[in-house]
Amino acid sequence: MPGDRLATPYRTHTCGALRSSDAGSTARLSGWVHRRRDHGQLIFLDLRDRHGITQVVVDKSDDPDAHAVASRVRSEFVVTVDGEVARRLTGTENRRLPTGEIELRGRAVRILSESKTPPFYINDPDAQIDEALRLRYRYLDIRREAMSERLFLRSRLVQAIRKVHHAHGFVEVETPNLIKSTPEGARDFIVPSRLQPGSVYALPQSPQQLKQLLMVAGVDRYFQIARCFRDEDLRGDRQPEFTQLDLEMSFVDEDAVMAFVEAMVIEVCRSTTPDRPIAETPFPRFTYAEAMERFGTDKPDLRFGIELVDLAPLWSEAPSGFRVFDDALHDGGRVKAIVAPGMGGISRREIDELTERAKRLGAKGLVWLAVEETGAVRSSVSKFLGEDGAERLVAHAGANPGDLVLVVADETAVTSEVLGGLRAELGGRLGLADPEVLSFCWIHRFPMYKWDVENERWDATHNPFSGVLPEDEELLTTTAGDLAKPAPDDPAGRARALQYDITLNGWELGGGSIRIHRRDLLARSFALQGQTEAGMNEKFGALLEAFEYGPPPHGGIAIGIDRWAALLADQRNIREVMAFPKTQSGGDLMLDAPSAPDPAQFAELGLRFVGAPRRDPATPPAE
RNA sequence: GGACCCGUGGUGUAGCGGCCCAACAUGCCAGCCUGUCACGCUGGAGAUCGCCGGUUCGAAUCCGGUCGGGUCCGCCA
């Protein structure tokens with residue numbers, strides 16, 4: 001591009017550009033002083049910018065003035081150095097630097113800006129720094145190579161996403177951030193309107209309705225890198241504002257969306273992190289029911305085996321003799337097991353830890369059977385099952401000598417969730433998952449609804465506009481025959497949605513669905529969820545009205561960019577791939593947000609706090 | 001809303017009732033040093049142990065509260 005000049009009055013090259021082939025030429029570099037090594041008559045400066053590090057050497061006998069300036073320079077000063085690119089003396093090359101064969105012999109050093117001593121080390125890649133400190137001085141944190149590399153990776157990710165979508169006929173459309181509150185489950189952030197006092201905008205939890213309106217508008221294929229806002233409690237993988245790859249396609253069925261997304265995801269991963277192998281293509285697909293049955297979760301990490309084994313067949317003829325098992329089966333629950341390879345030598349303390357973990361996941365207890373190297377079974381329940389019973393159980397579970405079998409007996413859902421949680425825990429603890437591999441899978445055919453015990457009604461498990469499997473359409477009804485009288489055993493509870501989630505290494509990466517575009521089905525689905533006609537119009541008026549003007553069949557997906565980037569960067573925390581994330585209490589430690597409002601702003605909006613006033617603004621950030 | 005963990009010179013840690021007006025490493029400052037690249041050597045400065053209160057003859061250390069950070073549960077179509 002003609003206007004893109006790297007060479008400016010400040011530099012002829014970046015700090016990562018010079019090589020031995022440049023030896024003999026002159027160059028001007030600008031950057032931060034990464035490190036200074038003062039040898040008296042001779043001073044070395046490692047000059048750093050985001051492209052790399054180049055060693056500058058300033059020799060007093062070459063230029064006393066330059067040497068005097070170099071003596072004054074400190075870490076993180078910004079300097080410009082003019083000099084001659086010289087091949088380093090034989091034996092003093094630095095193989096760890098791409099620029100390590102040369103150095104810049106400094107003839108003129110100018111200080112562009114000085115720096116206080118930074119609050120933590122910029123130049124130590126292994127430094128363990130308190131995260132609160134990193135967040136308060138994020139601009140320094142991002143100077144660190146590990147952090148900036150993650151941001152560059154994220155930039156490449158987003159660039160690859162855009163490239164693939166544009167190549168496949170998608171139109172990138174921006175949707176507004178000041179919209180109407182749309183009840184999608186999470187709490188809204190609201191923004192008071194000055195022009196219409198007493199009214200508020202809501203920040204979008206996702207562009208869901210807007211992208212469906214774009215389908216009605218005939219855009220056909222839409223995508224957006226969209227900022228989304230949800231006012232819920234934070235987690236390592238959840239921030240109040242986050243970024244989604246949001247896309248929607250017209251005239252598609254489930255397979256068409258999944259096929260495109262899968263191809264797109266593979267291409268984007270290969271281009272962003274070419275060295276990371278993708279486990280299995282096409283991505284394995286599981287129905288929700290199968291995933292819960294085999295892995296105890298709807299986001300299984302498939303980088304390792306360990307599946308849930310149903311133990312019920314062992315006792316089809318006669319009861320097990322252990323009350324906990326027999327009662328669970330008698331009450332319609334399940335008794336299932338997982339095998340932890342090589343954990344047969346587990347200690348009492350570790351068993352207690354696992355039991356504690358199981359209880360936190362909802363189990364009443366945890367049964368364990370350790371298989372000794374000799375094949376003998378050591379267990380807490382041998383006395384109930386008998387030696388023979390215990391050995392049959394262990395054999396049925398597929399355990400080998402040296403393994404540990406963990407058994408949970410409870411209601412179906414609890415059994416799955418507990419063993420699913422333990423499976424994930426063991427995978428991490430035993431290091432079963434290859435950290436390099438990217439292992440995707442699809443989960444689809446989720447239940448349309450889950451029973452809302454509190455409100456005695458059916459609740460959409462995902463998007464309220466998600467479609468239903470054609471063969472399950474007739475299930476969208478109640479036993480009473482009246483949609484206004486839902487009950488927990490209604491046929492609707494068995495209806496499966498045209499809903500699909502994509503999972504990467506045990507994280508839910510994204511989810512989407514084929515939408516309901518038929519008014520009659522939509523009305524039935526909403527009625528089951530306890531929505532009146534008037535209520536529907538209040539909440540979804542624009543979309544419902546649009547659906548009266550020829551909506552095309554359509555569907556799409558939303559994929560979490562923060563999570564995707566975190567997984568590609570091998571991070572367990574999305575804050576590590578966000579430039580300026582918030583703390584668990586929703587604060588920005590650098591900007592000191594949120595903060596007390598300006599009274600004048602409040603007056604203009606006709607607002608005042610009626611609860612306890614916020615404390616005075618916190619102590620100012622950096623001195 | 002709940003459970004748990006953490007808070008000690010700039011940074012990371014040690015100390016966990018008196019031996020501590022607090023130790024170590026690194027950083028910082030000064031001096032010396034012409035081939036280093038985590039340069040080296042010598043010397044120096046730097047902390048009322050997050051904050052408030054209590055127990056005790058005595059608290060960095062024990063207790064309560066509070067603030068800040070984190071992990072998890074609830075919550076998050």
Side-chain angles (χ1 to χ4, degrees), chain A residues 34-47 53-62 67 71 74-76 86 88-97 99-100 103 105 116-137 140 182-188 205-206 208-209 228-240 242 356-357 359-362 417 421 425 446 448-450 452 459-466 497 499 501 508 511-513 515 529 558 560 572-573 575 582-585 587 589 592 615 618-619 622-623:
Chain A
H34 191 64
R35 217 183 283 277
R36 184 178 68 113
R37 290 178 295 280
D38 186 344
H39 287 244
Q41 300 294 94
L42 199 61
I43 296 173
F44 296 98
L45 300 177
D46 289 341
L47 206 58
I53 291 177
T54 300
Q55 173 167 288
V56 172
V57 56
V58 184
D59 190 328
K60 194 170 188 177
S61 62
D62 285 349
H67 183 269
S71 316
R74 292 293 181 272
S75 283
E76 300 307 314
R88 291 198 192 181
L89 302 177
T90 309
T92 67
E93 302 90 348
N94 187 339
R95 291 178 195 284
R96 283 176 310 201
L97 289 179
T99 61
E103 62 195 359
R105 301 201 64 89
K116 302 197 333 189
T117 300
F120 50 81
Y121 314 116
I122 312 294
N123 50 20
D124 181 354
D126 301 320
Q128 294 299 309
I129 311 158
D130 180 57
E131 195 180 357
L133 198 68
R134 292 175 55 201
L135 291 176
R136 182 162 163 189
Y137 297 95
L140 297 180
T182 59
E184 289 193 65
R187 221 174 267 119
D188 283 321
Q205 293 179 27
S206 77
Q208 182 63 37
Q209 288 192 61
C228 306
F229 305 86
R230 292 178 192 175
D231 189 6
E232 295 294 346
D233 287 5
L234 285 76
R235 286 285 189 285
D237 60 354
R238 274 168 23 201
Q239 283 269 313
F242 60 100
E356 185 52 38
R357 177 92 183 121
K359 283 182 175 167
R360 281 209 301 189
L361 290 163
E417 277 163 32
E425 167 99 11
F446 285 80
M448 277 289 278
Y449 310 104
K450 59 174 181 287
D452 181 344
D459 201 15
T461 54
H462 286 78
N463 184 313
F465 287 88
S466 289
Q499 165 79 35
D501 278 4
E508 181 188 329
S513 66
R515 326 296 180 186
Q529 296 170 57
R572 297 177 59 247
N573 189 316
R575 293 189 296 269
K582 292 178 178 54
T583 66
Q584 194 156 42
S585 54
L589 297 179
D592 188 33
R615 62 187 166 77
T619 49
E623 316 145 26

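First the proteins, then the strands, lettered A, B, ... as listed; each starts at 1. Computed from a predicted model, the values in this text were never measured in an experiment.
When both distances must be under 3.5 Å, the Watson-Crick or G-U wobble mate of B:A23 is B:U13. Pairing for B:G7 is with B:C67, a Watson-Crick or G-U wobble pair whose two hydrogen-bonding atom distances lie under 3.5 Å.
A:Asp59 pairs with exactly one of A:Arg105, A:His67, A:His39 by the side-chain contact (heavy atoms from CB on, under 4.5 Å) rule, that one being A:Arg105. Paired with A:His34 under the rule side-chain contact (heavy atoms from CB on, under 4.5 Å), one option of A:Leu47, A:Thr54, A:Asn123 passes, and it is A:Asn123.
Evaluation of atom-type donor-acceptor distances gives no pair under 3.5 Å for the side chain of A:Arg360 against the base of B:G2. No hydrogens or angles were tested; on distance alone, nothing pairs the side chain of A:Asp233 with the base of B:C75 as donor and acceptor under 3.5 Å. Side-chain atoms of A:Arg238 and base atoms of B:C76 include a donor and an acceptor less than 3.5 Å apart.
Comparing B:C39, B:G12, B:U11 against the side chain of A:His39 picks out B:C39 as the nearest. Side-chain proximity of A:Arg235 to the nucleotides B:G69, B:C73, B:U36 is greatest for B:C73. Which of B:C72, B:G70, B:G35 sits closest to the side chain of A:Glu131 comes down to B:G70. Distances were taken from every side-chain heavy atom of A:Gln55 (C-beta onward) to each of B:G10, B:C37, B:G68; the shortest belongs to B:C37. The side chain of A:Ser61 sits closest to B:U34 out of B:C76, B:C37, B:U34. Each of B:U36, B:C76, B:C72 was ranked by its minimum atom distance to the side chain of A:Glu232; first place goes to B:C76. Of all nucleotides listed (B:G27, B:G10, B:U71), B:G27 comes nearest to the side chain of A:Thr117. In the set B:U71, B:C28, B:U36, B:C28 carries the atom at the smallest distance from any side-chain atom of A:Ser75. In this structure, the nucleotide among B:U36, B:U71, B:U11 sitting nearest to the side chain of A:Tyr121 is B:U11. Of the candidate nucleotides B:C37, B:U11, B:G12, B:C37 has the atom lying nearest to any side-chain atom of A:Asp46.
Taking atom C1' on both nucleotides, B:G50 is separated from B:G70 by 16 Å, rounded to a whole Å. The C1' atoms of B:A3 and B:U8 are separated by 27 Å, rounded to the nearest whole Å. Between the C1' atoms of B:A45 and B:C28, the separation comes to 9 Å (whole Å). Using P as the reference atom, B:G7 and B:A14 are 8 Å apart when rounded to the nearest Å. Comparing B:A38 with B:G27, their P atoms sit 12 Å apart, to the nearest whole Å. Here the separation of B:A23 from B:C16, taken at their C1' atoms, is 14 Å to the nearest Å. B:C67 and B:A22 are spaced 32 Å apart, taking the P atom of each and rounding to whole Å. Straight-line distance between the P atoms of B:U42 and B:C4: roughly 49 Å, to the nearest whole Å.
If you check every strand for non-hydrogen atoms under 4.0 Å, A:Gly236 touches sugar and phosphate atoms only. Within 4.0 Å (heavy atoms only), A:Ile43 reaches no atom of the nucleic acid at all. Among the atoms of the strands shown, none is found under 4.0 Å from any heavy atom of A:Asp459. Residue-level contact check: A:Asn573 touches the backbone only, with heavy atoms under 4.0 Å from sugar-phosphate atoms and none from bases. Using a 4.0 Å heavy-atom criterion, one finds that A:Arg105 contacts the bases of the nucleic acid, with or without backbone contacts as well. Among the protein residues, A:Arg575 comes within range of the sugar-phosphate backbone only, with heavy atoms under 4.0 Å from sugar or phosphate atoms but none that close to a base. As judged by a 4.0 angstrom heavy-atom cut-off over every strand, A:Glu508 is placed among residues making no nucleic acid contact. Residue contacts for A:Glu103: at a heavy-atom cut-off of 4.0 Å it reaches a base atom on one of the strands shown. Counting non-hydrogen atoms under 4.0 angstrom, A:Thr92 reaches a base of the nucleic acid. Residue A:Asp38 is in base contact, counting any heavy-atom pair closer than 4.0 Å across all strands shown.
Put simply, A:Arg74 has a side-chain N or O that comes within less than 4.0 Å of OP1 or OP2 on B:A30. In this model, the phosphate group of B:G35 is not approached by any side-chain N or O of A:Asn94 to a distance below 4.0 Å at OP1 or OP2. For the OP1/OP2 pair of B:C39 and a distance below 4.0 Å, the side-chain nitrogens and oxygens of A:Arg37 include at least one atom meeting the criterion. Using a 4.0 Å cut-off, no side-chain N or O of A:Arg357 falls inside it from OP1 or OP2 of B:C72. Look at A:Gln584 and you'll find a side-chain N or O under 4.0 angstrom from OP1 or OP2 of B:U71. OP1 or OP2 of B:C39 lies within a sub-4.0 Å distance of a side-chain N or O belonging to A:Arg35.
The separation between A:Leu140 atom CG and B:U11 atom P is 13 Å, rounded to whole Å. What separates CD1 of A:Ile129 from C1' of B:C6 is a distance of 17 Å, to the nearest Å. Taking atom NZ of residue A:Lys359 and atom P of nucleotide B:G74, one finds them 18 Å apart after rounding to whole Å. If you measure from atom CZ of A:Phe44 to atom C1' of B:U36, you get 4 Å, rounded to the nearest angstrom. A:His67 has its NE2 atom 13 Å from the P atom of B:G35, to the nearest Å. Across the protein-nucleic acid pair, A:Arg36 atom CZ and B:C39 atom P stand 11 Å apart, rounded to whole Å. Rounded to a whole Å, the CZ atom of A:Arg96 is 13 Å from the P atom of B:U36.
Salt bridge present: A:Arg37 and A:Asp46 bring a charged side-chain N and a carboxylate O closer than 4.0 Å.
Across A:Leu589 and A:Arg136, no two heavy atoms sit closer than the pair O-CG, 3.9 Å. Scanning all heavy atoms of the two residues, the minimum distance from A:Ser206 to A:Arg230 falls at CB-NH2, 4.1 Å. Across every non-hydrogen atom of A:Asn463 and A:Gln499, the tightest pair is N-OE1, 4.4 Å.
Nucleotides of RNA chain B nearest to A:Lys60 and A:Ala460 differ in position, and the one nearer the 5' end is that of A:Lys60.
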